[in-house]
Amino acid sequence: MKVLVTGGLGFIGSHTVVELQNKGYDVVIIDNLSNSSAEVINGIVKITGKMPIFVNLDLRNKQHVDGFFNQHKDIEGVIHFAASKAVGESVKDPLLYYENNITTLVYILQQLTELKRKNFIFSSSCTVYGQADKLPITEDAPIKLAESPYGNTKQIGEEVIKDTCCAYKDLNAIALRYFNPIGAHPSTEIGELPIGVPQNLVPYITQTAIGLREQLSVFGDDYPTSDGTCVRDYIHVVDVAKAHVIALERLMENKTVSNFEVFNLGTGKGSTVLEVINSFEKVSGQKLNYKIVARREGDVTAAYANTTHANDVLGWKTELSLDDAMASAWNWEKKIRG
Ligand code: WQD
């Protein structure tokens, strides 16, 4: 069965392509290589031995999107990762984010309504919750005013899908709200490839440890948490990828309760920044050079998932630990800088 993965050469996308191929699906990747490299295909093939179809296409071009779907009417499901995702950049260039994250979603959904099988997985984010009032965060937690245009595009994206599912009863969609995906495939054939200075914690840690960065700045240690640093739910990217296959099969096998469902993807455990650093030092056997600096604008104090809905209804739970993720991230960093 043929599955389309947009953004399939990206961090979570490439790991999901591997899990889809491992389950026997034929994968078509659309990627415009704006935040990834065609090299990633070689990594995927080294792991699975299967070559996905790769189409270098910019989803902002409606004619190209329509042309693609006319060529691939036998698609059984779509997993939509392609989007811009840098919070800071979205504040500086909001229109780039609304065009790239919303317009492209509309073009894909317009085509999906023409397909025989209309199964759609949306890459959403815990960002939609902002600073939740109650922890751990459940899927019915109130959606807070977005802290950035990026976060707003995820909220709007879910609304667009919900409204479309109301209008087209045969469209089946699931939004997966990721917490903090980290790590790399245990094979070290694929992993995170941040372009330029990493915004996220874990790639910054591994790049500091390998000598690419001078020192990690820890953004604040005066938060009301166990050690004063922010709390997040760091989830191994392979666990996130496996959840996408389970969610897609839920749609394909018509197991859904409604034609638009939402699931948190997290471990259910919060870790502070210092705990992540400790985990890295433990698995790598080396001290990390870091210093405490001022808080980063827009950071929430704590966010971690209530995983009951995903565990009991989706039938998925994480299998890998923070240490597994940090070890895989470090092995990947050593592999690509080696
Ligand atoms: C984690 C913690 C920082 C860098 C991101 C995305 C969000 C969503 C989840 C996709 C925070 C601290 C970080 C550094 C630090 N992903 N930190 N020094 O902000 O939780 O959210 O992942 O949808 O969109 O933005 O992740 O890795 O940036 O930060 O101290 O150099 O690490 O303050 O507490 P975040 P992050």
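Ligands are counted one by one from 1 in listed order, and the atoms in each one are counted from 1 as well. When reading the values below, keep in mind they use all heavy atoms of this one structure, side chains included, and skip hydrogens, waters and symmetry mates.
- The side chain to side chain donor-acceptor pair (under 3.5 Å) with D233 is formed by just one residue from the set T318, N264, T307, T267; it is T267.
- For atom 36 (P) of ligand 1, the choice among T272, I235, V87, N200 with the nearest heavy atom turns out to be N200.
- Of the protein's heavy atoms, C230 CB, 3.0 Å lies nearest to atom 34 (O) of ligand 1.
- Looking at S124 next to ligand 1, no N or O pair under 3.5 Å apart turns up.
- Taking 4.0 Å as the cut-off, K85 does not count as a neighbour of ligand 1 on heavy-atom distance.
- For R60 and Y107, the side-chain atoms include no donor-acceptor pair closer than 3.5 Å.
- The six-membered or imidazole ring of H244 lies near that of Y178, with a centre-to-centre distance under 6.0 Å.
- In summary, the atoms of ligand 1 found under 4.0 Å from a heavy atom of V218, numbered by their order in the structure, are 30 (O).
- When every heavy atom of S226 is checked against every heavy atom of E275, the shortest pair comes out as OG-OE2, 4.4 Å.
- At least one heavy atom of Y234 sits closer than 4.0 Å to an atom of ligand 1.
- Closest to atom 14 (C) of ligand 1 by heavy atom, among F11, F219, Y223, Y204, is F219.
- Nearest protein heavy-atom contact of atom 33 (O) of ligand 1 is D299 OD2, 2.6 Å.
- Closest to atom 24 (O) of ligand 1 among all protein heavy atoms lies Y150 CE2, 3.0 Å.
- At a cut-off of 3.5 Å, with distance as the only test, a side-chain donor of Y97 or E89 sits close to an acceptor on the other residue.
- Among all non-hydrogen protein atoms, the one lying nearest atom 4 (C) of ligand 1 is Q199 O, 3.5 Å.
- For atom 21 (O) of ligand 1, the choice among T127, N180, V231, V273 with the nearest heavy atom turns out to be N180.
- With a 6.0 Å cutoff to the six-membered ring centre and a 45° limit on the axis angle, R232 does not count as a cation-pi contact of Y304.
- The residue from L201, L216, V276, T301 that puts a heavy atom closest to atom 31 (O) of ligand 1 is L216.
- For a threshold of 3.5 Å applied to N or O pairs, the pair formed by S217 and ligand 1 contains at least one separation below that value.
- Shortest non-hydrogen contact noted between T256 and N172 is OG1-OD1, 4.3 Å.
- Annotation for H64: atom NE2 does not count as buried by contact number, only 12 or fewer foreign heavy atoms lying within 6.0 Å.
- By the 6.0 Å contact criterion, CZ on F69 is enclosed, its count of non-hydrogen atoms from other residues, nucleotides or ligands being greater than 12.
- Using a 30° and 60° split on the angle between ring planes, F122 and F120 fall in the parallel class, below 30°.
- Counting only heavy atoms of the protein, atom 9 (C) of ligand 1 lies nearest to F179 O, 3.6 Å.
- For atom 19 (O) of ligand 1, the candidate residues are E297, R296, R232; the nearest heavy-atom contact is made by R296.
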